[in-house]
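All heavy atoms count here, side chains included; hydrogens, waters and symmetry mates do not. Every chain is numbered from 1 and lettered A, B, ... according to where its sequence line falls, protein lines coming before strand lines.
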Number of protein chains: 2
Amino acid sequence: MQPPLEPCSRQLAAARQALSQAEIVCQQRGVRLTQLRRRVLEIIWHHSSPLGAYAILDVLRNDGRQGAPPTVYRALDFLLEQGLIHRLASLNMFMGCRQPGAHHSGQFLICQDCGQADELNNQTVEATLHTEAMARHFEVLAQTVEVLGRCLDCQEASRHGD
Amino acid sequence: MQPPLEPCSRQLAAARQALSQAEIVCQQRGVRLTQLRRRVLEIIWHHSSPLGAYAILDVLRNDGRQGAPPTVYRALDFLLEQGLIHRLASLNMFMGCRQPGAHHSGQFLICQDCGQADELNNQTVEATLHTEAMARHFEVLAQTVEVLGRCLDCQEASRHGD
DNA sequence: TATCTATTGTTATAGAATAACATCGAATGA
DNA sequence: TCATTCGATGTTATTCTATAACAATAGATA
């Protein structure tokens, strides 16, 4: 689980796109994507795998900005509310959302070796859970669906490694 | 989210059954359900909603037993390994498993008002996630499926309350 | 400009989980 | 019976995650 330190060009491009999309979404909604919030979103997108709040805080401090945990958590709360990032409950970490604008819970494949997470949006899973809930007269507010396992790269790496 | 302090008779009966089942399962597997582990399982079953590790620790201390966090976490680890309890990642809490013996991830409906959690075992959800994972050559090790919302009782309570 | 509100800074603390090492206790064999 | 061994528990300390409470600041509005 070694997070790379420098984002590759593909990540940078993804981050740029995510940030400009975020600007649009926030403008449409009349909410403020401040410097801090924008920077936190950028930090998250520059990283190839989900990041913890304190890792984000470290980067902010490296920026020269002063800050404490609430600084980060408030920015994260804003980004979560706007559907710009997801929180992975099983890791206590945060990652960028590829479909901002439309609020959705999403489903995630999380590799326990490299830490990377893939977002799914399987309608069958979501609908089936809704049906199960309805049968119990349960009102659904959010879904947490996280599949822990190993991605192809890490399976191969462990085979060659041994 | 007010957890009741005294278990009702239905809970006590459920706890008794869960404990005797746990005894059988552990004996069959040749693992030891010690006093401490048994007591932690009992505490969890005596409570109507999922419990946090530190809440369990408080009960243990009320018993007169000395203890620190590792005391509880080791017992919880054992019970998780044996499939006797589940951990709810979105709450950092633990609850009894109704199908001990068969290791399974389960799916949960969690009421944000009263804190109670209902366990599902929907095969469609599990199979669909497996299929999605396979399509990405992702090896599944565990599934976390937690639906947050409001149970019928709490929906009605809030309607009458306003 | 004065005011109001949202945002950020700051300090302190609560809550969740584990590392590392000491001690105890139940099973096993001599 | 005693000694040994290994699993289980006790103990202390620390790390990581998250929030409460209040102060200071900056942006918008009248």
* Can you list the residues that meet the side-chain hydrogen bond (donor to acceptor under 3.5 Å, both in side chains) rule with B:R16, with sequence neighbours excluded? ->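 Checked B:R16 against side-chain hydrogen bond (donor to acceptor under 3.5 Å, both in side chains); zero matches.
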* **Partners passing side-chain hydrogen bond (donor to acceptor under 3.5 Å, both in side chains) against A:E139 (at least two apart in sequence or in another chain)** =>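 Result, side-chain hydrogen bond (donor to acceptor under 3.5 Å, both in side chains) vs A:E139: B:R150.
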Using side chain to side chain contact (heavy atoms under 4.5 Å, CB included) as the criterion, list what pairs up with [X], not counting sequence neighbours.
| X | result |
| --- | --- |
| A:A22 | A:L33, A:L41, A:L84 |
| B:S105 | B:Q143 |
| B:A15 | B:W45, B:H46 |

* Does B:Q17 CD have over 12 foreign heavy atoms under 6.0 Å away? ->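 For B:Q17, atom CD is not crowded (no more than 12 foreign heavy atoms under 6.0 Å).
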Quickly work out the [X] [atom1] to [N] [atom2] distance and round it to whole Å.
| X | N | atom1 | atom2 | answer |
| --- | --- | --- | --- | --- |
| A:L91 | C:dA16 | CG | C1' | 15 Å |
| B:L76 | C:dA17 | CG | P | 9 Å |
| A:L60 | C:dT10 | CG | C1' | 15 Å |

* Which residue pairs pass the ring pair (Phe, Tyr, Trp, His ring centres under 6.0 Å) test with at least one member in residues 59-90 of chain A, sequence neighbours excluded? ->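 As it turns out, the ring pair (Phe, Tyr, Trp, His ring centres under 6.0 Å) pairs with a partner in residues 59-90 of chain A, which skip direct neighbours, are A:H86-A:H104, A:H86-A:F108.
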* Which pairs, with at least one residue in residues 125-145 of chain B and sequence neighbours excluded, count as a ring pair (Phe, Tyr, Trp, His ring centres under 6.0 Å)? ->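 Non-adjacent pairs meeting ring pair (Phe, Tyr, Trp, His ring centres under 6.0 Å): zero.
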* To do: Rounding to 10 degrees, work out the angle separating the end axes of the helix from C:dT1-D:dA30 to C:dA30-D:dT1 (five pairs an end).
  =>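 Nearest ten degrees gives 10° for this helix.
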* To do: Determine yes or no for a side-chain-to-main-chain donor-acceptor pair under 3.5 angstrom, with B:Q116 supplying the side chain and B:S49 the backbone.
  =>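 Not a single qualifying donor-acceptor pair exists.
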Grab the N/O contacts between the protein and nucleotides 6-9 of chain C below 3.5 Å, and write none if there aren't any.
{"unit_1": "C:dT7", "atom_1": "OP1", "unit_2": "A:R37", "atom_2": "NH1", "d": "3.2"}
{"unit_1": "C:dT7", "atom_1": "O5'", "unit_2": "A:R37", "atom_2": "NH2", "d": "3.3"}
{"unit_1": "C:dT8", "atom_1": "OP1", "unit_2": "A:T34", "atom_2": "OG1", "d": "2.5"}
{"unit_1": "C:dG9", "atom_1": "N7", "unit_2": "A:R74", "atom_2": "NH2", "d": "2.6"}
{"unit_1": "C:dG9", "atom_1": "O6", "unit_2": "A:R74", "atom_2": "NH1", "d": "2.9"}
{"unit_1": "C:dG9", "atom_1": "O6", "unit_2": "A:R74", "atom_2": "NH2", "d": "3.4"}

* Which residue pairs pass the salt bridge (charged side-chain N to carboxylate O under 4.0 Å, His left out) test when at least one of the two sits in residues 40-61 of chain B, sequence neighbours left out? ->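 The answer is B:R39-B:E42.
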* To do: Sort and list the pairs that fulfil side-chain hydrogen bond (donor to acceptor under 3.5 Å, both in side chains) and have at least one residue in residues 18-34 of chain B, not counting sequence neighbours.
  =>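 Every side-chain hydrogen bond (donor to acceptor under 3.5 Å, both in side chains) pair that includes a residue of residues 18-34 of chain B, provided the two are not neighbours, is B:E23-B:R38, B:R29-B:Q82.
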* Using chain B heavy atoms and a threshold of under 4.0 Å, write down where along DNA chain D the contacts begin and end, 5' to 3'. =>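 Listing 5' to 3', DNA chain D meets chain B from D:dA8 to D:dT12.
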* Asked: For C:dA17, does either OP1 or OP2 sit under 4.0 Å from a side-chain N or O belonging to B:N92?
  ->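 For B:N92, the contact criterion (side-chain N or O under 4.0 Å from OP1 or OP2 of C:dA17) is met.
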* Taking only the side-chain nitrogens and oxygens of B:Y54, find out if one of them lies under 4.0 Å from OP1 or OP2 of C:dG15. =>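 For B:Y54, the contact criterion (side-chain N or O under 4.0 Å from OP1 or OP2 of C:dG15) is not met.
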